[in-house]
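A short write-up of the structure that comes next.
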Amino acid sequence: MPNYFVGVDVPAYIIAAVVGMVLCFWGLQLSRFIASIAFASVLGYLTYVYTFKAFASIALSIIFMLLAIAVGFVLGFTLFRASLSIVFGYVIASILVRDVAKTKELVLLIILTIIFSILIYVLSNYVLALLFVATGSALVYKSLVILGLQSTIAFLIVVVIAVAGLYNQLKRRV
């Protein structure tokens, strides 16, 4: 094995490149599964935090969190575009409210979450396809460069993969 690979987890980067390719080409097709996991995680987390604040009980918080996770899985799978829109809308709104506006105003957070959720929902097919392609392309690029491919060649390969992946995802609307 060349000295270049000393300290580099080659199998991990090969797996990351494969996962990146899957996201580039079939991200939208996998979005129901991804949405169910993401929505269940966010709903479980928020339920735990706010239940603990309300009741100051870890036991009640865990029970409500587990119920929210189950509901999140079902809603995330059946209403995946809406659930992903809410998750992304909440993330964007919370970043804007807490980091940009430097406030913790709950009403502003809720209003911005609703606005961003609606906007993302309307643009969801294109936005989701672009997000999956961007994420997958970044994984492939990083993996190829770390595994020793010249960055210019890796970039050209990733551009071809990204264009082909975006075309593949948008031609088969979910």
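Quick caveat: nothing in here was measured; it's all calculated off a predicted structure.
One finds the CD1 atom of Ile157 at 11.0 Å from the OG1 atom of Thr152 (value rounded to the nearest 0.5 Å). A distance of 9.5 Å separates CZ of Phe33 from CZ of Phe77, quoted to the nearest 0.5 Å. The OG atom of Ser137 sits 9.0 Å away from atom CG of Leu166, with the distance rounded to the nearest 0.5 Å. Taken from CD1 in Ile69 to CD1 in Ile62, the straight-line distance is 10.0 Å, to the nearest 0.5 Å. In this structure, Leu106 CG and Ile111 CD1 are separated by 10.0 Å, a value rounded to the nearest 0.5 Å. Atom OG1 of Thr113 and atom CG of Leu108 lie 9.0 Å apart (nearest 0.5 Å).
Checked options Leu23, Leu130, Val133; the residue passing with Gln169 is Val133 (criterion: side chain to side chain contact (heavy atoms under 4.5 Å, CB included)).
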Report all side-chain donor-acceptor pairs from residues 139-148 shorter than 3.5 Å, counting only partners two or more places apart or in another chain.
unit_1, atom_1, unit_2, atom_2, d
Ser143, OG, Tyr13, O, 3.1
Ser143, OG, Ala17, N, 3.4
Ser143, OG, Leu139, O, 2.8

Tell me which donor-acceptor pairs under 3.5 Å the side chains of residues 84-96 have, and how far apart each pair is, sequence neighbours excluded?
unit_1, atom_1, unit_2, atom_2, d
Ser85, OG, Arg81, O, 2.6
Ser85, OG, Tyr121, N, 3.3
Ser94, OG, Tyr90, O, 3.0
Ser94, OG, Val91, O, 2.9

Distance-only check: which donor-acceptor pairs under 3.5 Å involve side-chain atoms of residues 40-53, not counting sequence neighbours?
unit_1, atom_1, unit_2, atom_2, d
Ser41, OG, Ile37, O, 2.8
Thr47, OG1, Leu43, O, 2.7
Thr51, OG1, Thr47, O, 2.5

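Of all the heavy atoms in Thr78 and Arg32, the pair that sits closest is O-NH1, 3.8 Å.
The same ILVMFWY cluster, assembled from side-chain heavy atoms under 4.5 Å apart, contains both Val159 and Ile161. Cluster membership for Phe39 and Phe64, using ILVMFWY side-chain heavy atoms within less than 4.5 angstrom, is not shared. At a threshold of 4.5 Å between side-chain heavy atoms, the hydrophobic network of Ile, Leu, Val, Met, Phe, Trp and Tyr places Ile114 and Ile120 in one connected group. By the criterion of side-chain heavy atoms lying less than 4.5 angstrom apart, applied directly or through intervening Ile, Leu, Val, Met, Phe, Trp or Tyr residues, Ile110 is grouped together with Leu112 in one hydrophobic cluster. If you chain together hydrophobic residues whose side chains sit under 4.5 Å apart, Val19 and Phe25 fall into the same group.
A donor-acceptor pair under 3.5 Å is absent between the side-chain atoms of Thr135 and the main chain of Phe132, judged by distance alone.
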Discussion item. Could you go through Val160 and Leu156, starting from their C-alpha distance and side-chain angles, then the distance that decides it, and tell me whether this counts as side chain to side chain contact (heavy atoms under 4.5 Å, CB included)?
Written reply: CA-CA 6 Å; Val160 171; Leu156 293 174; 5.9 Å; no
